[in-house]
Amino acid sequence: MWIPYDIRAALKAESSRDSISLSRADIRTREFLVGFFLRNPVTQLWELDLLVPGDLPLAGPEAGGMRISLHGNEGGKLAEILCRLDAASAEEALDRAHADIERRIQRYLVETGRGMAIAGWRIADMAHGARWRCTPFRPSAMQLDFAALAPIEPDLAPVVGLFQRARNAPDAASRLLAGFAVLHAAASGHAALARSGAEALRVSEEMLIHSGALNAPEDLLGLGLADLIAVLRPHHDRLFAPDGVLAPLADGLPAQKHLSQLANLADLVAHRLIAAEIRARSSLAACRAAAAGQGVEV
């Protein structure tokens with residue numbers, strides 16, 4: 001089952017509906033608490049390879065009026081960064097805090113040479129007791145009939161390798177690049193995806209809900225594969241500089257959220273195409289086996 005790995009575009013309410021409604025309606029500047037959970041992309045643990053001597057407050061003019069503190073886990077490794085700041089909404093507080101913390105994480109990354117990432121966040125409106133959270137979905141383990149699953153066929157393996165890169169990538173840009181490549185291969189008639197049903201594919205409401213792209217600004221519902229590629233193309237191409245190398249972009253959180261929606265959708269559609277190809281091949285193989293048993297060629 002395909003699941004979205006990047007849900008930055010969604011905030012899950014964790015307090016009463018009344019407190020959320022009061023916070024949404026309040027346009028006054030007031031205090032918010034934003035906490036960022038941190039992740040080691042190598043170990044996948046929610047901690048960084050940085051030791052923190054207890055709770056460590058940070059101060060300085062570069063904080064832009066925010067009160068920032070670093071917090072370690074039981075092992076003393078940095079696991080969360082908390083920001084207290086004044087803002088008029090949860091989204092404004094998150095955008096401002098994220099812009100600061102992302103650049104701090106980048107500085108720590110350069111200083112140490114270690115991999116580091118923001119795993120998710122929590123937000124609290126201190127005036128209304130409203131709380132939200134955005135953390136990756138952690139699915140339960142699945143059971144497979146291992147004996148019944150043959151290896152991917154050699155001609156399809158390179159395409160599945162692209163999808164594997166999309167599934168394994170920790171960032172939306174990389175997932176968009178890899179997922180887009182699968183979509184492009186299917187639309188351009190790659191022989192390995194000849195039975196994927198690419199020509200009949202349409203973006204459904206279920207796909208948009210599942211990928212978190214239902215509220216994307218583009219009109220995606222009902223698009224065929226060629227039209228979906230046309231929508232994704234400028235977002236894909238802007239990731240490259242004119243000379244073909246990756247572009248150094250400075251996207252803020254709203255742009256990152258949008259990219260995550262499109263990357264999720266490209267990732268999901270790539271999975272649907274590959275899964276349809278495998279089902280078609282399995283069905284054809286079963287028909288041939290049955291026909292062979294009856295002495296008929298298929």
Side-chain angles (χ1 to χ4, degrees), residues 3-12 32-64 66-85 93-124 132-139 164-178 212 239 245-261 263-264 267:
I3 60 170
Y5 286 158
D6 191 334
I7 56 172
R8 280 177 292 179
L11 277 178
K12 180 181 179 181
F32 283 84
L33 175 67
V34 184
F36 293 94
F37 304 109
L38 308 173
R39 178 174 57 85
N40 184 322
V42 177
T43 65
Q44 296 301 316
L45 296 176
W46 284 27
E47 63 181 27
L48 301 185
D49 290 331
L50 300 174
L51 295 176
V52 179
D55 297 339
L56 180 65
L58 298 179
E62 73 280 358
M66 289 187 288
R67 287 162 287 167
I68 301 172
S69 57
L70 309 181
H71 300 266
N73 57 18
E74 292 181 356
K77 291 187 176 182
L78 180 59
E80 186 177 15
I81 300 179
L82 294 179
C83 302
R84 289 183 180 271
L85 69 158
L94 174 60
D95 289 352
R96 285 181 50 203
H98 186 276
D100 181 284
I101 299 306
E102 186 172 49
R103 288 185 289 109
R104 288 180 189 272
I105 293 298
Q106 289 176 339
R107 177 59 189 274
Y108 303 158
L109 181 151
V110 172
E111 195 71 17
T112 64
R114 305 291 181 90
M116 304 178 188
I118 294 175
W121 42 78
R122 57 186 177 126
I123 309 171
W132 298 263
R133 178 180 291 258
C134 176
T135 52
F137 173 61
R138 293 190 172 187
Q164 185 177 31
R165 289 173 62 182
R167 289 278 77 190
N168 290 347
D171 63 293
S174 296
R175 287 189 301 107
L176 179 63
L177 292 175
L239 299 175
V245 300
L246 290 177
L249 301 175
D251 287 344
L253 185 58
Q256 293 179 33
K257 290 179 179 179
H258 185 207
L259 187 64
S260 75
Q261 292 176 315
N264 283 347
D267 190 353

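What's counted below: heavy atoms across the whole structure, side chains too, no hydrogens, waters or symmetry copies. Everything numeric in this text was worked out from a predicted model, so none of it was measured.
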Using a 4.5 Å cut-off on heavy atoms from C-beta on, say whether the side chain of I101 contacts that of I68. yes
Shortest non-hydrogen contact from L11 toward C134: CD2-CB, 4.0 Å
Given side chains that start at C-beta, do those of L45 and K77 come closer than 4.5 Å, heavy atoms only? no
Does R122 form a side chain to side chain contact (heavy atoms under 4.5 Å, CB included) with L82? I'd like the steps, not just the answer. CA-CA 9 Å; R122 57 186 177 126; L82 294 179; 3.6 Å; yes
To the nearest 0.5 Å, what is the distance between CZ (R104) and CZ (R107)? 11.0 Å
Go through M116 and L78 one step at a time and tell me if the side chain to side chain contact (heavy atoms under 4.5 Å, CB included) criterion holds. CA-CA 11 Å; M116 304 178 188; L78 180 59; over 6 Å; no
Would you call R175 and N264 a side-chain contact if the rule is heavy atoms closer than 4.5 Å? yes
Considering residues at least two apart in sequence or located in another chain, which fulfil the side-chain contact (heavy atoms from CB on, under 4.5 Å) criterion with Q106? E102, R103
Grab the two heavy atoms, one from S174 and one from A169, that are nearest each other, plus how far apart they are. CB-CB, 3.6 Å
Please round to the nearest 0.5 Å and tell me the distance separating atom NE2 of H258 and atom CG of D251. 11.0 Å
Take atom CZ in R165; do more than 12 heavy atoms of anything else shown fall under 6.0 Å from it? no
In terms of heavy-atom contacts, does CD of E74 have more than 12 from other residues, nucleotides or ligands at under 6.0 Å? no
Heavy-atom side-chain proximity of L177 to L239 below 4.5 angstrom: yes
Exercise: identify the closest heavy-atom pair between P254 and D95: CG-OD2, 3.8 Å
With heavy-atom distances below 4.5 Å as the criterion, would you say the side chains of C83 and D100 are in contact? no
pair I105-L48: side-chain heavy atoms closer than 4.5 Å: yes
Would the distance check show the side chain of E47 and the main-chain N or O of A79 forming a donor-acceptor pair, the cut-off being under 3.5 Å? no
Taking ring-ring contact (aromatic ring centres under 6.0 Å, His included) as the test, write out the residues that go with W46, two or more places apart. F37
Beyond-backbone contact of V52 with H71, side-chain heavy atoms, under 4.5 angstrom: no
Is V34 close to M66 at the side-chain level, that is, under 4.5 Å between some pair of heavy atoms? no
With rounding to the nearest 0.5 angstrom, report the CG to CG distance, D171 to L176. 10.0 Å
Testing the basics here: between A166 and A178, what is the closest heavy-atom pair and its distance to 0.1 Å? N-CB, 3.6 Å
Could you grab the distance from atom CD1 of I81 to atom OH of Y108, nearest 0.5 Å is fine? 5.5 Å
Among W132, F32, F36, whose side chain to side chain contact (heavy atoms under 4.5 Å, CB included) with L94 holds? F36
Shortest non-hydrogen separation from E80 to G35 and the atoms involved: OE2-CA, 3.6 Å
